[in-house]
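Given the structure is predicted, the values throughout are model-derived calculations rather than measurements. Index from 1, following the sequence.
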Amino acid sequence: MGCSSEELGHLTGFFEEMTNKGFVPNAEILEIKEVIVNDAVLKEFPELKRLNEDKLMLIKKLHKINDKKLVYVNSFWTLEYGKELAKYDLSNTGVYEIANRFLNVQLTRAEETISAKAATKEEAELLDIKKGEPVLLMERLTYQNDTPIEYAYNVYRADRYRYNIVLHKNQIDKEWQ
């Protein structure tokens with residue numbers, strides 16, 4: 001499934017949107033580091049090859065709403081943008097919002113897939129659930145123009161997250177042709 005630039009608006013204002021709804025969002029920064037894209041990394045995250053880079057910046061975060069753990073984020077950015085994002089406080093503002101507002105990144109498209117999977121030991125520990133419990137996996141490749149600049153591998157607690165999609169007639173007509 002792909003998203004247009006108009007639909008990408010929800011990516012840039014997560015913290016603001018949650019605050020406006022009366023929730024208290026924040027993120028615990030787990031790690032920010034450069035990653036060499038080698039065979040071992042590609043085995044775990046095969047979609048990284050689509051970024052066509054030898055090195056990437058990995059931003060690992062744990063998003064919370066009202067201090068309840070919601071999603072474990074692995075966000076791989078091209079080094080150019082990742083190094084700049086690492087300079088900002090990523091605990092109270094989303095990376096897409098920072099990229100848009102301060103780095104002049106214009107997100108134009110995203111390809112997103114959501115599926116179910118069993119939580120690994122690491123994911124379970126971070127999300128305060130048992131290993132093997134069902135979680136939702138969201139994988140997203142985000143583009144600026146026709147260039148992929150970020151790959152996200154996000155693991156959501158299935159009991160605390162709901163994904164809502166609104167389709168408009170012209171989108172439905174395209175999908176069913």
Could you go step by step and tell me if Leu51 and Leu141 meet the side-chain contact (heavy atoms from CB on, under 4.5 Å) rule?
CA-CA 9 Å; Leu51 291 171; Leu141 192 62; 4.0 Å; yes
Walk me through whether Met138 and Leu136 qualify under side-chain contact (heavy atoms from CB on, under 4.5 Å).
CA-CA 6 Å; Met138 186 280 298; Leu136 295 173; over 6 Å; no
For side-chain contact (heavy atoms from CB on, under 4.5 Å), just list the numbers for Leu42 and Val37, CA-CA rounded to whole Å, side-chain angles, deciding distance to a tenth of an Å, and then say yes or no.
CA-CA 7 Å; Leu42 287 172; Val37 182; 3.7 Å; yes
Checking side-chain contact (heavy atoms from CB on, under 4.5 Å) for the pair Asn104/Gln106: CA distance, chi angles, key distance, verdict?
CA-CA 6 Å; Asn104 199 31; Gln106 302 300 313; 3.3 Å; yes
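Proximity of a side-chain donor or acceptor of Arg157 to a complementary backbone N or O of Leu127 within less than 3.5 Å is detected. A donor-acceptor pair is defined here as one N or O able to donate and one able to accept, closer than 3.5 Å; no such pair exists between the side chain of Arg109 and the backbone of Asp146. Side-chain N or O atoms of Glu150 include none that pairs as donor or acceptor with a backbone N or O of Trp77 at under 3.5 Å. Panel note: side chain Asn38, backbone Ala40; a donor-acceptor pair is recorded below 3.5 Å.
Distance check, rounded to the nearest 0.5 Å: OG of Ser75 to CG of Leu56 gives 10.0 Å. Separation of atoms CG (Leu79) and CD (Glu84) is listed at 10.5 Å; rounding is to 0.5 Å. Note that CG of Asn74 is 10.5 Å distant from CD of Glu139, once rounded to the nearest 0.5 Å. Of the inter-residue distances, the one linking Glu123 atom CD with Asn154 atom CG reads 10.5 Å to the nearest 0.5 angstrom. Between the CD1 atom in Ile98 and the CG atom in Leu85 there is a gap of 6.5 Å [rounded to 0.5 Å]. A distance of 12.5 Å separates NZ of Lys87 from CD1 of Ile32, quoted to the nearest 0.5 Å.
The number of heavy atoms from other shown groups lying within 6.0 Å of NZ (Lys131) does not exceed 12. Heavy atoms of other residues, nucleotides or ligands lying less than 6.0 angstrom from CG of Asp159 number more than 12. Within 6.0 Å of atom CG in Asp54, 12 or fewer heavy atoms from other residues, nucleotides or ligands are found, so the atom counts as exposed in its surroundings.
The nearest pair of heavy atoms linking Tyr81 to Ile149 is CE1-CG2, 3.9 Å. Nearest approach of Thr78 to Pro148, heavy atoms of both residues: CG2-O, 4.0 Å. Residues Pro134 and Ala158 share a closest heavy-atom pair of O-CB, 3.6 Å. Summarising the geometry of Lys69 relative to Arg160, their closest heavy-atom pair is O-NH1, 2.8 Å, with the distance given to 0.1 Å. Nearest heavy-atom pair, Ala119 versus Ile129, reported as atom, atom and distance to 0.1 Å: CB-CD1, 3.8 Å.
Annotation: side chain of Tyr88 is not in contact with side chain of Thr93 (no heavy-atom distance under 4.5 Å). Contact annotation: the side chain of Val73 approaches that of His63 to within less than 4.5 Å [non-hydrogen atoms, C-beta and beyond]. Considering only heavy atoms from C-beta on, Tyr72 comes within 4.5 Å of Glu122 through its side chain. Contact of the Tyr143 side chain with the Glu111 side chain is registered, since non-hydrogen atoms from C-beta on lie closer than 4.5 Å. Looking at Leu30 and Leu126, their side chains come closer than 4.5 Å, going by heavy atoms from C-beta outward. The shortest distance between side-chain heavy atoms of Val155 and Leu137 falls below 4.5 Å.
Salt-bridge formation is detected for the pair Arg50/Glu47: a Lys NZ or Arg NE/NH1/NH2 atom is positioned less than 4.0 Å from an Asp or Glu carboxylate oxygen.
By the side-chain contact (heavy atoms from CB on, under 4.5 Å) test, Asn52 is found to be paired with no residue, residues two or more places apart in sequence or in another chain being considered. For the ring-ring contact (aromatic ring centres under 6.0 Å, His included) test, residues two or more places apart in sequence or in another chain that qualify with Tyr156 are Tyr161.
Ring geometry, Phe45 versus Tyr153: the interplanar angle exceeds 60°, so the pair is classed perpendicular (tilted spans 30 to 60°).
Residue Glu28 is tested with Lys64, Lys60, Lys61 for a salt bridge (charged side-chain N to carboxylate O under 4.0 Å, His left out); the sole match is Lys64.
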